[in-house]
Every structure is written in structure tokens, then in C-alpha cells.
Amino acid sequence: GLSVPWGQQHVALVASLLPPCPTSLLPTPQAAFAHLALAFRCDMFTLQQRVEVEKRARDAAEENIQEELGQCQAALERLGRSCANAGCKETLEQLQHNLAVLSAAVERATSAAEKLGAVHQEARMSRAAEVMVQHVENLKRHHMREHAELEEMKRLIQQNSRNRQLAEIQEAAVQCSPPAPLLQGSARRRVSIAVIPKQLL
């Protein structure tokens, strides 16, 4: 079978662990995202090399199959030249037809195997993509929460600044105003002295 690189094995491992584990044992989206990012970065270093290796292995397997089929076709042709019986020739013609059908089936099987491998890889990567999307959603919620907290802090700072300015203005107004209660008290004392009858003095 085709070899699976370490990063993809790690992705498959993380993805396979996510559904069956209890909630308390599941890795956080941030930790799973960090593992996946590390796995992808490791795979990128050897991606081109692995593509070339797998391509050569596939080509070699196809060449071996075609060589075996060619040898069978040559054996049937040699047997046909030495066979004079009508029933034998009919059997040889049927075998040659079956061999041609087998050759076409091998090509279809090779193409189907590549598509199946791509689908399996897509299924593994979909779990990794789900982890990444969840991590991004968590980051978005965290950003919105911090933005709301920042706006609330700015509002409180502005409100405190306005309250402090208003208090300073009121304090300055009180310091500049005259002592009105003392003036009114001295006036009342002068009036009370003036109205005392002279016969009582």
C-alpha cells in the first residue's frame, strides 16, 4: 500500500481521538490546532519527495502488470499457431478476449484506487479542517469578548474623566463665591440692637 507521512498519521490520530473520547479528556481546539499545524509544516518539507516516490512506485506496479499481461498474450499467440483444432482455437480466442478485458480492468482498478485513496485522505483532512474551523471560531469569540471589554473600559474611563472635571468645576465655583451666611448673621444682629426700646436701657 501507499505510505502515509508522519504528519498525516498525526492528523489521523488526532481526528480519530476526537469523537470517542469523553469531554474531559478531549484536547482543546487550541492544542489540537497547534498539533495539526506542526504536522502540516513537517509534511511540507517532504511533500514533493513523497509525491515522486509514490509516482515511481505506481508506475513500476503498472509496468509489472502490463509485462505479465504481455507475456500471457505472447503465450496465447504461440499456442494458437501450434493448435489446429477448431475447439482449441475458439478457446484461445476467448482467452485472448478475457486477457484484453483484464488489461482494461486493471487500468480502471488503478484509477479507482487513486480516487478511493483521495476520498480517504479527504475524510481524514475534513476532521482536521473541522478542528481548525473550531479554533478560528474560538478566536473570533475571544476577540469579540475582548473588544466588548475594551469598549466598556473606554466608556468608564470617559465617564470618570467627565465626573472629575465636573467636580473640579464645582469646587472652583465654591471657592470663588462670598461667605453669604456670615453677612446675613451680622445684619440681623444690627437690626435687633436698633429696635430695643430706650426706656429699657
Side-chain angles (χ1 to χ4, degrees), residues 2-54 115-201:
L2 298 179
S3 61
V4 180
W6 176 85
Q8 295 180 11
Q9 291 177 351
H10 192 77
V11 169
L13 177 61
V14 173
S16 63
L17 290 178
L18 287 179
C21 290
T23 304
S24 59
L25 300 179
L26 286 177
T28 63
Q30 183 176 1
F33 179 83
H35 292 169
L36 293 172
L38 176 61
F40 284 126
R41 283 196 296 267
C42 292
D43 282 349
M44 289 303 297
F45 286 112
T46 60
L47 178 59
Q48 188 62 35
Q49 180 182 359
R50 286 184 287 107
V51 169
E52 295 297 331
V53 170
E54 297 298 335
K115 292 179 181 179
L116 179 61
V119 172
H120 283 310
Q121 181 66 15
E122 182 179 354
R124 289 192 295 266
M125 297 303 297
S126 65
R127 291 294 301 158
E130 183 178 351
V131 172
M132 294 181 180
V133 170
Q134 185 179 2
H135 177 61
V136 172
E137 292 296 330
N138 289 344
L139 290 178
K140 289 171 61 176
R141 287 192 293 269
H142 182 69
H143 172 72
M144 293 176 62
R145 183 168 60 251
E146 287 190 343
H147 180 72
E149 293 177 355
L150 178 61
E151 292 297 327
E152 179 66 16
M153 186 177 298
K154 289 171 58 178
R155 187 186 66 81
L156 293 176
I157 292 175
Q158 292 175 357
Q159 182 178 357
N160 292 336
S161 178
R162 287 193 297 268
N163 292 340
R164 185 170 60 254
Q165 292 177 358
L166 180 60
E168 292 176 353
I169 292 175
Q170 292 176 350
E171 183 179 356
V174 170
Q175 291 178 356
C176 295
S177 61
L182 295 177
L183 295 176
Q184 293 178 359
S186 59
R188 283 195 299 269
R189 286 195 297 271
R190 286 196 300 270
V191 171
S192 61
I193 295 175
V195 298
I196 295 176
K198 291 182 179 181
Q199 60 271 19
L200 297 178
L201 297 176

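This structure is a prediction, so every number in the text was calculated from the model and none was measured. Numbers for residues simply follow the sequence, beginning at 1.
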Throw together a table of side-chain donor-acceptor distances under 3.5 angstrom for residues 146-153, partners on residues two or more places apart or in other chains.
unit_1, atom_1, unit_2, atom_2, d
Glu146, OE2, His142, NE2, 2.7
Glu152, OE1, Arg155, NE, 3.4
Glu152, OE2, Arg155, NH2, 2.6

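Rounding to the nearest 0.5 Å gives a distance of 11.0 Å between CD of Gln49 and CD of Glu54. A distance of 8.5 Å separates CZ of Arg141 from CZ of Arg145, quoted to the nearest 0.5 Å.
Applying the salt bridge (Lys or Arg N to Asp or Glu O under 4.0 Å) test to residues at least two apart or on different chains, none of the pairs has a partner in residues 159-175. Applying the ring-ring contact (aromatic ring centres under 6.0 Å, His included) test to pairs two or more places apart or on separate chains, none has a residue in residues 148-175.
Evaluation of the side chain to side chain donor-acceptor pair (under 3.5 Å) rule for Glu130 yields Arg127 as partners, not counting sequence neighbours.
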Where do His35 and Leu38 land on the side chain to side chain contact (heavy atoms under 4.5 Å, CB included) test, with the steps shown first?
-> CA-CA 5 Å; His35 292 169; Leu38 176 61; 5.8 Å; no
